[in-house]
Q: 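Following this message is one structure expressed as structure tokens.
Predicted, not measured: the structure shown is a model, and the values here were computed from it. For ligands, and for the atoms within them, numbers begin at 1 and follow the listed sequence. Residues take their numbers from the sequence shown, with the count starting at 1. Heavy atoms only: backbone and side chains are in, while hydrogens, waters and symmetry mates are out.
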Amino acid sequence: MASGGGVDLEEIPSVDLMTELLRRMKCSSKPDKRLILIGPPGSGKGTQSPLIKDEYCLCHLATGDMLRAAVAAKTPLGIKAKETMEKGELVSDDLVVGIIDEAIKKPSCQKGFILDGFPRTVAQAEKLDEMLGKQGTKIDKVLNFAIDDAILEERITGRWIHPPSGRTYHTKFTPPKAPGLDDVTGEPLIQRKDDTAEVLKSRLEAFHRQTAPVIDYYSKKGNVAQLHAEKPPKEVTAEVQKALA
Ligand code: AP5
């Protein structure tokens, strides 16, 4: 028996089907949530996102990851974005707004979404509100990963990533069990091209000039929760849970 999407359900192992069924049953009782994670590079957005995603059955939309995938695949979008990203500057609002507009309509975003790295300018925030307004929805909470710039260089230069899963490690703070390998799959970890001390300076400059005003934009709407992002990961998770309770 093939489903509408052409997937042959008989070929999927029963244990996987049951796991997915149980996940969906658990998710059906969760409230819908539309969240924004905002903070400078290395503040922990990507580290906390998978935990929030699993807890609330949301989709995780990270514009940086989407753009890097487009760069790797050499799509027209990726070709346009590559040079800008490697310099640590922001790509054009139109490019990312288009990506998000498509992505939030996916079935995996039915219970809501985590926007990680978007909106990054006030123009993007206004476009987002317009998109959600058309659907009769709005942002429920903005989690502000507040942290001093001085902490970020060590976090960024020590970061290692498993691109297929989005799992993030740090050579000092959260090292993988075997150096350079993902704990779950054993596949190699990579470092991002823009994760150097030099490019970080441009990324921080872009954050303070273009993205910090987005925090003010949402503060005026009264839905920003402040996190102490300099704390260890588990303590940040506890603050996230409190903010979303
Ligand atoms: P993007 O991929 O979004 O990068 P970013 O915002 O700079 O954020 P990062 O992914 O670097 O940081 P993070 O907060 O997720 O940190 P993490 O949790 O991994 O964007 C890249 C580029 O894409 C941009 O420069 C731009 O060109 C373009 N772009 C993307 N979106 C765009 C948009 N909307 N508009 C225009 N352009 C856009 O943590 C970092 C490290 O610290 C890890 O190693 C982690 O293990 C460790 N760590 C995390 N939390 C803790 C903790 N509490 N204590 C100790 N260590 C910790």
Side-chain angles (χ1 to χ4, degrees), residues 36-52 60-72 77-78 80-101 103 114-125 127-128 143-149 151-163 165-176 183 189-197 199-212 214 227-240:
I36 291 173
L37 272 50
I38 199 162
S43 56
K45 307 178 297 289
T47 301
Q48 300 296 329
S49 289
L51 308 173
I52 307 171
H60 174 210
L61 303 176
T63 37
D65 292 348
M66 293 163 161
L67 290 167
R68 278 185 289 281
V71 170
L77 169 74
K80 270 192 204 154
K82 185 173 186 284
E83 203 180 315
T84 313
M85 292 178 74
E86 285 177 1
K87 283 194 280 187
E89 293 166 9
L90 297 189
V91 306
S92 79
D93 289 337
D94 287 346
L95 280 189
V96 280
V97 166
I99 299 181
I100 290 293
D101 196 13
I114 304 165
L115 298 179
D116 166 1
F118 180 93
R120 250 179 159 97
T121 63
V122 172
Q124 291 178 18
K127 281 270 164 55
L128 174 65
L143 298 176
N144 178 21
F145 284 66
I147 189 164
D148 197 293
D149 283 3
I151 302 174
L152 299 172
E153 185 177 320
E154 186 180 27
R155 284 203 190 173
I156 284 290
T157 53
R159 168 165 62 185
W160 287 82
I161 295 165
H162 177 243
S165 67
R167 277 184 286 276
T168 299
Y169 300 87
H170 191 281
T171 42
K172 181 169 158 189
F173 305 122
T174 47
D183 285 355
L189 304 176
I190 59 133
Q191 278 197 298
R192 271 168 49 178
K193 268 199 169 161
D194 59 350
D195 274 354
T196 63
V199 180
L200 176 63
K201 283 191 195 122
S202 317
R203 291 163 65 193
L204 280 173
E205 200 269 325
F207 174 79
H208 290 296
R209 192 164 50 84
Q210 293 167 279
T211 308
V214 178
L227 306 176
H228 298 89
E230 76 288 349
K231 288 185 179 173
K234 283 200 173 124
E235 290 182 35
V236 178
T237 305
E239 287 196 9
V240 168

Q: What atoms of ligand 1 come within less than 4.0 Å of a heavy atom belonging to Gly46?
A: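 That gives atoms 13 (P), 15 (O), 18 (O) of ligand 1.
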
Q: Closer than 4.0 Å to some heavy atom of Thr47 - which atoms of ligand 1 meet that?
A: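 This gives 17 (P), 18 (O), 39 (O), 45 (C), 49 (C), 50 (N) as the contact atoms.
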
Q: Is there a heavy atom in Gly39 that sits closer than 4.0 Å to ligand 1?
A: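 No.
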
Q: Using a plain distance cutoff, I'd like to know if Val91 has any nitrogen or oxygen under 3.5 Å from a nitrogen or oxygen of ligand 1.
A: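 Yes, there is a polar N/O contact under 3.5 Å.
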
Q: Show me which atoms of ligand 1 lie under 4.0 Å from any heavy atom of Phe173.
A: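 Going through ligand 1 atom by atom, the ones under 4.0 Å from Phe173 are 55 (C), 56 (N).
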
Q: Between Arg203 and Asp194, does any side-chain N to carboxylate O distance fall below 4.0 Å?
A: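 Between Asp194 and Arg203 there is a salt bridge, with a charged N closer than 4.0 Å to a carboxylate O.
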
Q: Which atoms from ligand 1 have a heavy atom of Pro233 less than 4.0 Å away?
A: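 With Pro233 as reference, the close atoms of ligand 1 come out as 51 (C), 52 (C), 53 (N), 54 (N).
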
Q: Does even one non-hydrogen atom of Gly158 get within less than 4.0 Å of ligand 1?
A: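 No, that is not the case, since the closest heavy atom of the residue is not under 4.0 Å from the ligand.
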
Q: Classify the side-chain pair His60/Asp65 by whether it contains a donor and acceptor separated by less than 3.5 Å.
A: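 Asp65 and His60 do not have a side-chain donor-acceptor pair below 3.5 Å.
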
Q: Heavy-atom contacts under 4.0 Å between Arg203 and ligand 1: side chain, backbone, both, or neither?
A: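 Side chain only.
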
Q: Examine ligand 1 and decide if any of its atoms is less than 4.0 Å from a heavy atom belonging to Arg192.
A: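 Under 4.0 Å: yes for Arg192.
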
Q: Below the 3.5 angstrom mark, is there an N/O of Phe118, backbone or side chain, next to an N/O of ligand 1?
A: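 There is no such contact.
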
Q: Considering only heavy atoms of Thr168, which atoms of ligand 1 have at least one such atom less than 4.0 Å away?
A: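 Counting atoms of ligand 1 from 1, those under 4.0 Å from Thr168 are 19 (O), 43 (C), 44 (O), 45 (C), 46 (O).
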
Q: Among all protein non-hydrogen atoms, which one is nearest to atom 23 (O) of ligand 1, and what is the separation to 0.1 Å?
A: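 The closest heavy atom on the protein side is Met85 CE, 3.4 Å.
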
Q: Run the numbers for me: atoms of ligand 1, each under 4.0 Å from some heavy atom of Thr174, listed by number.
A: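 Atoms satisfying the 4.0 Å criterion: 46 (O).
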
Q: Check each atom of ligand 1 against the heavy atoms of Gln124 and keep those under 4.0 Å away; list them by number with element.
A: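 The atoms of ligand 1 under 4.0 Å from a heavy atom of Gln124 are 33 (C), 34 (N), 35 (N), 36 (C).
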
Q: As an exercise, identify every atom of ligand 1 less than 4.0 angstrom from a heavy atom of Lys231.
A: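 Near Lys231, meaning under 4.0 Å from one of its heavy atoms, ligand 1 has 52 (C), 53 (N), 54 (N).
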
Q: Touching ligand 1 at all, Ile156? Heavy atoms, strictly under 4.0 Å?
A: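 Per 4.0 Å heavy-atom rule, Ile156 contacts ligand 1.
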
Q: Looking only at heavy atoms of Lys87, does any of them come nearer than 4.0 Å to an atom of ligand 1?
A: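 Lys87: no contact with ligand 1 (<4.0 Å).
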
